[in-house]
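Following: one structure in structure tokens, then a few remarks.
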Amino acid sequence: MDAMDTSASSPMILAARLVAKEFAAPHANAVDQEARFPLEAVSALKREKLLSAYVPVAMGGAGLSLTELVQVVEILARECAATAMIYAMHQIQVISIVRHAMDNLWYQNYLRELVAHQYLIASVTSEVGVGGEMRRSSCAVEMDGQHFKLVKDATTISYGAQADDLLVTARRNTDAANSDQSLVLVHKADYTLEQKGGWDTMGMRGTCSPPFLMTATGDVAQIIDVPFGDMSAQTVVPVSHLLWGGCWMGCAAAAVNKARAFVRGQARANPGTVPPTALRLAELVSMMQSLRTSVQACLTEYEALSVADDAAVGILTSMGYSLKMNNLKIDATQALPQIVTKALSICGILGYKNDSKFSMSRHLRDAHSAAIMVGNDRILATNANLLLVLKDD
Amino acid sequence: MSKQQIRQVLKDHGKFSANIDSLADDADLYEAGMTSHASVNVMLALEDAFDLEFPDRMLKRSVFESIDAIHAAIEELTA
């Protein structure tokens with residue numbers, strides 16, 4: 001059912017399948033139960049050089065497209081949604097660097113090191129007092145000659161304790177406005193993290209995303225020149241929703257495939273009749289197709305717009321495009337729990353039992369993270385504001 | 001239509017922490033603290049003040065990034 005896999009599989013896609021089957025799937029339940037980092041899967045992703053998959057070939061990476069990365073995320077999410085989410089979040093950081101910091105020597109060297117050492121990058125955008133609002137920061141880069149200091153009280157850092165490096169948003173300097181943000185990469189050797197709470201959640205437990213107080217230092221070359229506001233509209237927001245879309249598709253596909261196997265089993269037990277659950281399955285597969293179609297349509301459009309000559313000032317930076325990507329996030333994350341719930345109703349008691357091969361518990365709990373971990377109400381509020389001036393003219 | 005009128009709209013609706021009067025015509029309004037949310041209020045107030053409607057194609061970051069850019073957009077619509 002790899003609907004996005006129409007061409008011959010590239011080596012990286014084959015590697016992703018191997019990691020998913022051999023290293024993510026066997027530990028997915030333990031990762032979930034113990035709310036622990038999926039070390040086996042992430043180590044395998046590093047061995048297969050999948051963490052640098054998006055880095056251009058000229059710099060030693062595999063030069064995968066965003067479309068291929070979304071496919072990798074889906075492959076991982078079919079077996080372990082937490083592993084897929086970690087991979088997706090890391091790639092958002094890599095893509096931001098590749099698209100916006102390549103003219104900076106320090107970052108060119110960093111990307112080569114990332115290829116060699118397979119560094120895992122975590123994102124530090126949330127902050128006490130600002131919450132999850134990515135486009136505002138209260139902390140600031142404190143300059144001291146060629147060096148800077150940065151202290152951030154983050155409400156959540158996914159895989160913060162396990163990451164090798166952090167990409168942090170902060171006000172450009174101590175005099176800058178809240179919305180005048182820079183993106184800064186800091187090395188593990190140059191920061192400390194003081195964990196300020198736990199991560200005992202309903203789902204996505206393996207992402208290990210507690211609050212941390214981060215204290216970092218670095219060289220001014222580590223501050224990306226392009227304002228974070230520009231990166232956010234052109235890259236961070238659309239790429240996040242698309243890579244997460246891969247995660248939602250994989251999570252949904254895992255549940256749907258259990259329901260399909262369940263219905264096939266019923267049909268084999270009673271040849272010549274169509275089991276009543278097959279009708280529900282027909283509805284379910286249609287819902288799955290709609291989810292896939294909406295992610296794919298936005299992905300195709302973004303791939304075209306992001307390589308256009310006017311990418312920096314064109315449609316990607318328009319309010320109409322923001323509205324559209326926000327709608328993708330809202331629609332996909334509303335559909336996902338509905339799909340998993342329907343798959344559960346098809347499998348019945350065998351889907352409800354935790355020790356059954358049709359168990360839906362992890363998929364359903366992971367699915368509910370989609371609308372909550374980046375809150376849909378916040379996104380709807382943004383759209384409500386945009387619609388005060390958008391006219392569909 | 002004057003840049004002074006645009007400045008007044010920004011002062012009333014841009015929610016700037018900095019003093020608008022000391023801002024150059026080509027200064028980056030986002031760097032000066034205008035959020036996306038505030039920029040919508042600025043657009044609505046400009047539409048009201050100048051009795052015009054910005055088409056969707058103009059509703060993007062670069063068109064509202066400075067007083068000069070806003071001035072050029074309004075000139076284009078009222079030409």
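In this text the structure is predicted, and so the values were computed from the model without any measurement. Below, all heavy atoms of this structure are taken into account, side chains as well, without hydrogens, waters or symmetry copies. The sequence lines fix the lettering, A, B, ..., with proteins before strands; numbering per chain opens at 1.
Of the atoms belonging to A:D393, heavy atoms from both backbone and side chain fall under 4.5 Å from chain B. Interface remark: B:M58 contributes no atoms to any contact with chain A (heavy atom separation under 4.5 Å).
With sequence neighbours excluded, the residues forming a salt bridge (Lys or Arg N to Asp or Glu O under 4.0 Å) with A:K391 are B:E47, listed by chain and number. For B:K60, there are no salt bridge (Lys or Arg N to Asp or Glu O under 4.0 Å) partners two or more places apart in sequence or in a different chain.
Under the 3.5 Å distance criterion, the side-chain polar atoms of A:D180 are left unmatched by any main-chain donor or acceptor of B:G33.
Around the CG atom of A:D309, the shell of radius 6.0 Å holds no more than 12 heavy atoms that belong to other residues, nucleotides or ligands. Open room surrounds CG on A:D392; 12 or fewer heavy atoms of other groups in view lie less than 6.0 Å from it. More than 12 heavy atoms of other residues, nucleotides or ligands sit less than 6.0 Å from atom CD1 of A:I372.
With rounding to the nearest 0.5 Å, the separation of CE in B:M34 from OG in A:S179 is 8.5 Å. Distance check, rounded to the nearest 0.5 Å: CZ of A:R136 to OG1 of B:T35 gives 8.0 Å. B:F64 CZ to A:M319 CE: the interatomic distance, rounded to the nearest 0.5 Å, is 7.0 Å.
When all heavy atoms are compared, the tightest approach of A:L390 to B:L59 is CD2-CD1, 3.8 Å.
For residues 36-43 of chain B, a heavy-atom distance under 4.5 Å to chain A picks out B:S36, B:H37, B:S39, B:V40, B:M43, given by residue number.
The salt bridge (charged side-chain N to carboxylate O under 4.0 Å, His left out) pairs that include a residue from residues 222-240 of chain A are A:D230-B:R61, where partners are two or more places apart or lie in different chains.
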